[in-house]
There are 2 protein chains.
Amino acid sequence: MKTPSQRAGSRAQYDLIVRHYSALSELPPADIEIIRNLPPAETWAAGAEIQTEASPSQPRFLLSGWAARFKMLRDGRRQILSIILPGDGIGVCERLTPLALSAIATLTAVRTADAAPLVAALREHSHPLLQQAVHLANAVDEKCLIDQVVRNGRHTAHERICHLFMELHWRLTLSGAVDSQTMPWPLTQEMIADSLGLSIVHVNRMLQQMRREKLIEAGHGMLTILKPEEMLAISEFRPPQPSVATG
Amino acid sequence: MKTPSQRAGSRAQYDLIVRHYSALSELPPADIEIIRNLPPAETWAAGAEIQTEASPSQPRFLLSGWAARFKMLRDGRRQILSIILPGDGIGVCERLTPLALSAIATLTAVRTADAAPLVAALREHSHPLLQQAVHLANAVDEKCLIDQVVRNGRHTAHERICHLFMELHWRLTLSGAVDSQTMPWPLTQEMIADSLGLSIVHVNRMLQQMRREKLIEAGHGMLTILKPEEMLAISEFRPPQPSVATG
DNA sequence: CGGAACGTTGATTCTCCTCAAGCGGGGTGG
DNA sequence: CCACCCCGCTTGAGGAGAATCAACGTTCCG
């Protein structure tokens, strides 16, 4: 957040988007240039509401920081629908009228880029590979939403936490933000609870158990997955079909 | 299911699709003809697996009967992701590579139509209103999936059941399959449980409570919502933004 | 008549929630 | 510089909601 050279960091942040999409569809240099030339948009503090439920969504990319799509109930209960990571798109699709869906809040300080030029390029239908990458990224988002239903519906608290951690680690790896079992971890236990439909207290106890089981290690804003195979077995997490992604 | 004239019923079944889409976007006669001329595809018994998790999905419409998209866990736990009603599309979108997502099983006997001609028309980009209708139908599906996350994550059993019932009633009304507070009800308590992440026994007890509270009335394959306002208040169900749908 | 599928009931257990309090670090203002 | 506070984490006690286990009743159907 306070890197000495924000300019140099900027290039790396756009590369997250490029790597994310390149993992899904091989992009020609022209398409990569579209991404690299997206105008930077806004900087947000932690806890800011990027988008309300009612507002039409402008398309954006997250350059740095984490955000979350969520729904509130009248009495204050909150459900996080999906966690948005650096390199992820928000509202990047061809549909002209994306039914207003949900509010988005930042979980940390966040920098975004304006995705409008990319969406405009998509609508010309002259960038088939970029279009495919966007479609696959949207399909991955949908897969994560489906996983979220299964987690909240049929998983135990322990399974839910393992599954969420594996999903986030996989997604961070996909965009190249992470290349080991250790990842940045800005989520509070309350955010985990709101994502998994649990109480804060219960999340705390489960995390302690997982630390005792030596499944994970946490501290200093980082989280390490110590036993990836075991976590996969517990959570039944499976990344989206690689056969399709490489097709 | 055993109507005297299946031929006459067939026209009404295609009209469900037309009314469903017409509620989302005003369709020109040419587009309506595309729908009416879709070739009928298959007839399935209750409990048949229309689509497996691995298989590439052919696009279809449900002409009659109910189906469900679901995920299984290794130990047999099942989570229904969404319930598919007559007039709903399955895999109807422009994306060429819809990441394999989930299996689909029939809940009752089902008749489907082949949606391939409609998808082909979409890809020509020469049917803007039909395209818009499809986009909005997909947006409604996404809204329902989001609701499913909130239900399973933050609702009590009572709220979940109320919310599911209101959603299904609203969707049946949208496609014109229902025009009162009474709707066809082929769902077993097990199906409700698998949709809402509850046990069968608990669903049974909550339904009894709801009958005692005179919220609903059930029997003979039908379900009546006796207190719609109260059910809306309990569940916080809101149909997707009408302002967008009519735009 | 027997069986299968669905609904119902009771007893018991346990996962997870709520309430309440205390701890520790990081920042702010006096 | 210190006191204070806020936030996030931790801990304990008690309780509610929902799961599980095990029957049993009905209805439908071959």
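To find a chain, count down the sequence lines: A is the first, B the second, and so on, and within it residues start at 1.
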Describe the nucleic acid contact of A/Thr188 in one word from base, sugar-phosphate, nothing, applying a heavy-atom distance below 4.0 Å.
sugar-phosphate
I need the CZ-C1' distance between B/Arg160 and D/dG17, as an integer number of Å.
10 Å
Roughly how many Å is it from CD in B/Gln209 to P in C/dT9, rounded to a whole number?
14 Å
Would you indicate what A/Gly47 reaches in the nucleic acid, counting non-hydrogen atoms under 4.0 angstrom: base, sugar-phosphate, or nothing?
nothing
Below 4.0 Å: OP1/OP2 of C/dT8 and any side-chain N or O of B/Asn204
yes
Looking only at the side chains, is there a donor atom on one of A/Gln208 and A/Asn204 sitting less than 3.5 Å from an acceptor on the other?
yes
Return the value, rounded to whole Å, for the distance between atom CD1 of B/Ile200 and atom P of C/dT8.
12 Å
List the atom of A/Leu38, the atom of A/Ala115, and the distance in Å for their closest heavy-atom pair.
CD2-CA, 4.3 Å
Closest non-hydrogen atoms of B/Arg151 and B/Leu164, given as atom of the first, atom of the second and distance, are NH1-CA, 3.5 Å
Nearest whole angstrom, please: distance from the C1' of D/dA19 to the CD of B/Gln189.
16 Å
So, OP1 or OP2 of D/dC9: does either fall under 4.0 Å of a side-chain N or O from A/Gln208?
no
Expressed in angstrom and rounded to an integer, what is the separation of B/His202 atom NE2 from C/dG10 atom P?
16 Å
Ring centroids only, cut at 6.0 angstrom: are B/Phe165 and B/Trp170 within range, meaning strictly under it?
no
When rounded to whole Å, the NE2 to C1' distance for the pair A/His220 and D/dC9 reads 14 Å
Quick check: are there more than 12 heavy atoms from other residues, nucleotides or ligands sitting under 6.0 Å from CZ of A/Arg238?
no
Regarding the side chain of A/Ser199, the nearest nucleotide among C/dT9, D/dA18, C/dC17 is C/dC17
Polar side-chain contact A/Arg205-D/dG12 base: donor and acceptor under 3.5 Å
yes
In whole angstroms, the gap separating P of C/dC16 from CD1 of A/Ile192 amounts to 15 Å
At less than 4.0 Å, is any side-chain N or O atom of A/Arg211 found next to OP1 or OP2 of D/dT10? Yes or no.
yes
Would you indicate which nucleotide in C/dC17, C/dA11, D/dA18 comes nearest to any side-chain atom of A/Leu198?
C/dC17
B/Glu190 has an atom CD; how far is it from atom C1' of D/dT20, in whole Å?
15 Å
Find which nucleotide of DNA chain D each of A/Arg154 and A/Leu187 is nearest to by heavy atoms, and output the residue with the more 5' nucleotide.
A/Leu187
